[in-house]
Structures are given as structure tokens and as C-alpha cells.
A.B. asks: 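Okay, handing you the structure first.
In this text the structure is predicted, and so the values were computed from the model without any measurement. Convention: sequence-line order gives letters A, B, ...; per-chain numbering from 1.
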Amino acid sequence: MDLVLVSHIIILVFLVVTALAAIFLEDLFASVIVYSAYSFCMCLTYLILRSAEIAMTEAAIGAGLTTILFVAALARTSRKEEDKE
Amino acid sequence: MKKLFIPACFILLCFAMILVVLRLSPVGDPRLPSYSGYLDPKTPAEEIVQKGQSVALYYNKNAVSDVNSMNVVSAMILDYRAYDTLYEAVILFTAMICVLSVLLFGSGNGSGSGKDWVPSINVMDITKRMVPFILMFGLYIIFRGHLSAGGGFQGGVIIGAGFIIYTIVFGSEKAGRYIPEGILTIMNSLGMSIFVCFGLLGIITGYNFLTNKIAGIPPMGQAGVLLSSGTLLWINIGIGMNVSGAIIRIFYAFQKNADGERSNV
């Protein structure tokens, strides 16, 4: 087990955790932030798979732009999810 | 039931992902089917690199001498496969037109100031200091698209994100003073035009659409210097203008539409 594989597995576990958390969190603002953490994990995964271009795109669009647009949209709606159950 | 469902999902997904990663073939192995082409996968790696005739092998061998670009991925998407990239840029252009036609059809009078809250002094200060660096980094990525990782799309998104941060913190009125909406639309169209014009330059010089090195489009310097690789540099600049213009313009339209609705209520 070399270091890259171990770190890759840790990143993948964190990826699943953040993906599930982004879906199941009640607070939408926290969900957006966790989603950007998910994008960052995805970016690291691409870096480990040696595709720097895709990693850069993911970091710029996934972690940067999407988060900004979501936060801007959240500022116009309510922060909590409504009508649960 | 639901309390049990989430951990079960989690464990199952983790297990599946780790299993897939452990079974992946090593990164960059020339015996991968997408790399070795029709050759027998049991042949040794060195022989595949010498004999193989797949597209990936051709690109890896010849991209630097064909395009004068150090970045093989940029050479692929902006020279060998530039036609695909042209239509990606067209998609973005069309998306901006569609979003604008939907958002500006109704109430978009934009009478509000674009801002009904005052951020803390820390946020304003940090934004004021960070935005120039973000914009500079975006330009760096656009202009070095043929030398290192990156290119027009990524750099354009970074520039757009920088301006969007500024717009969120200081309001669309103050941001609109630096980049008016008319300039954004012109930037977007001009970026597309640069792309198509440098493609047509290939036809004018007697070759095909988007021909690069054979047509001798300037600047065709040594591979590895900034002024090299002909159309790649210009196409990167064009895509950067197109993407950043589209993103900032769409965000302005969102902001304006919301302000108009608020002032109508």
C-alpha cells in the first residue's frame, strides 16, 4: 500500500461522506458548503489520477462558481428546507 | 427504517468505491485498451509505445511538434479537436442568450440598488484585496493555456468568479461601474468572433477550417515560449472572453431580476 493509494482511499471515503451530507443536511447553507467540499475532494481525485486540466476545471467551476451561485440563490430564499414530511 | 437506510447506503457506497479503486489498472499504463489500440494487451509496454497506432499514442508522440504547444491536452482540444471546442463555446453563447431572454422578458427594470445588506468590514476588506489577485490569476491561466494546465474555460470562470464575489459584496451598482453590461455582451460576442475568425484564417490561407501550424498562423514561435502555437493562444483568449462575459452577464441578470421583483412587491 503506497502513500498515494492510501490518500486516495481517504479522499474517496471523505467524498462519499460529503456527498451524503450534502443531500441529508437540513440547513441549506451548510449543505452548499459541504457540496463545495465534495467538489474539492473530486478535484483531488482528478489530481491523483493525473488529469490536471480536469482538476483545475473542477476547482474553478465546482468549488468556486457553483458555490457562489448557490449562496447568491440562498440569499433570496429561506435557509431551511420547508415541508419536511 | 430511514435511520438504518442512510448508514447502510454509506457503507455500501464506500465499499464499492474502494473496491473499484483497488481494481483500477495503474495510471498511465500503455497496455490500457484506450491507449494500445488494436494491439494484443499481453505485449510488453515498450513495444506498444513503439508500434501502437492509436490516437492517444499519436497525440502523445506528435502534439509538441505538430502544434508547438507544451500542453498536450490543450493541443488536443484546441487544435486536433477544435471543432468540438467551437461548439462548446457556441453552447455557452446560446445559453447566455436563452437565460437573458427569459430573465429580461418580464420585470427586469433593475430599479433596486442590488444590495439590501451591508457586509462586515472584514469581508469588504478581504474582498477588496483578493479580487485583483483572482483576476490576475485568471489572466495567467488564460495566457498560459498552451504551456501549462488550464486554458480559456478555466481562466474565464476564475475571472467571472472574481467579479461575482465583488458584485455580491459591493452590490451590482458599484460593480457595474467597472464593467457595464454592454461591454460584457460585446466581450462575449467578440470572444466567439475571435475563435471563428482564426478558424477562417485557415481557409483564407488555402487550408481547412481551424488549420494551425501548416497555415502558419502567427505567433508560431518555439514550443515552450509564451508567443507560440499559433491559434491556440488566440482561441484561449477568445474562449476566456466568451466564458467570463457570459458568466458575469448571467449573474448580473439574476441580480437585476431579483431586485426588480423586490421593488415590485
A.B. asks: Taking atom CG as the centre, does L19(B) end up with more than 12 heavy-atom neighbours from other residues, nucleotides or ligands that are less than 6.0 angstrom away?
C.D. replies: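 Yes - once you tally the heavy atoms of other residues, nucleotides and ligands closer than 6.0 Å, there are more than 12.
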A.B. asks: Could you tell me which of N71(B), L13(B), I77(B) has the largest number of non-hydrogen atom pairs under 4.5 Å with chain A?
C.D. replies: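 Looking at each option in turn, the highest pair count goes to N71(B).
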A.B. asks: Side chains of N188(B) and L184(B): closer than 4.5 Å at any heavy-atom pair?
C.D. replies: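 Not touching, per the 4.5 Å side-chain cut-off.
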A.B. asks: Where does F153(B) contact chain A at under 4.5 Å (heavy atoms): side chain, backbone, both or neither?
C.D. replies: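 Neither part.
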A.B. asks: Report the option among I247(B), I158(B), I6(B) that has the most heavy-atom pairs separated by less than 4.5 Å from atoms of chain A.
C.D. replies: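 Ranked by heavy-atom pairs under 4.5 Å with chain A, first place is I6(B).
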A.B. asks: Counting only heavy atoms closer than 4.5 Å, note whether V17(A) contacts chain B via side chain, backbone, both or neither.
C.D. replies: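 Both parts, backbone and side chain.
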A.B. asks: Take the angle between the ring planes of Y35(A) and F70(A) and call it parallel below 30°, perpendicular above 60°, tilted in between.
C.D. replies: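 Correct class here is perpendicular.
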A.B. asks: Counting only non-hydrogen atoms closer than 4.5 Å, does I250(B) touch chain A with its backbone (N, CA, C, O), its side chain (CB onward), both, or neither?
C.D. replies: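 Contact with chain A is absent: no heavy atom of I250(B) under 4.5 Å.
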A.B. asks: Tell me if the OH atom of Y38(A) is crowded by more than 12 foreign heavy atoms within 6.0 Å.
C.D. replies: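 Atom OH in Y38(A) is not packed in, count stays at 12 or less.
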A.B. asks: Counting only heavy atoms not in Y166(B) (residues, nucleotides, ligands), do more than 12 fall under 6.0 Å from its OH?
C.D. replies: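 Yes.
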A.B. asks: Going from CG on D66(B) to OG on S229(B), what distance comes out if it is rounded to the nearest 0.5 angstrom?
C.D. replies: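 Output value for this atom pair is 12.5 Å.
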A.B. asks: Which of the residues G138(B), G150(B), G155(B) is involved in the greatest number of heavy-atom pairs with chain A at under 4.5 angstrom?
C.D. replies: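 If we count pairs closer than 4.5 Å to chain A, G150(B) comes out on top.
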A.B. asks: Under a 4.5 Å heavy-atom cut-off, does chain B meet the side chain of L20(A), its backbone, both or neither?
C.D. replies: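 For L20(A), side-chain heavy atoms alone lie under 4.5 Å from chain B.
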A.B. asks: Quick check on L15(A) against chain B: is it the side chain, the backbone, both or neither that has a heavy atom closer than 4.5 Å?
C.D. replies: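 For L15(A), the side chain is the part near chain B, not the backbone.
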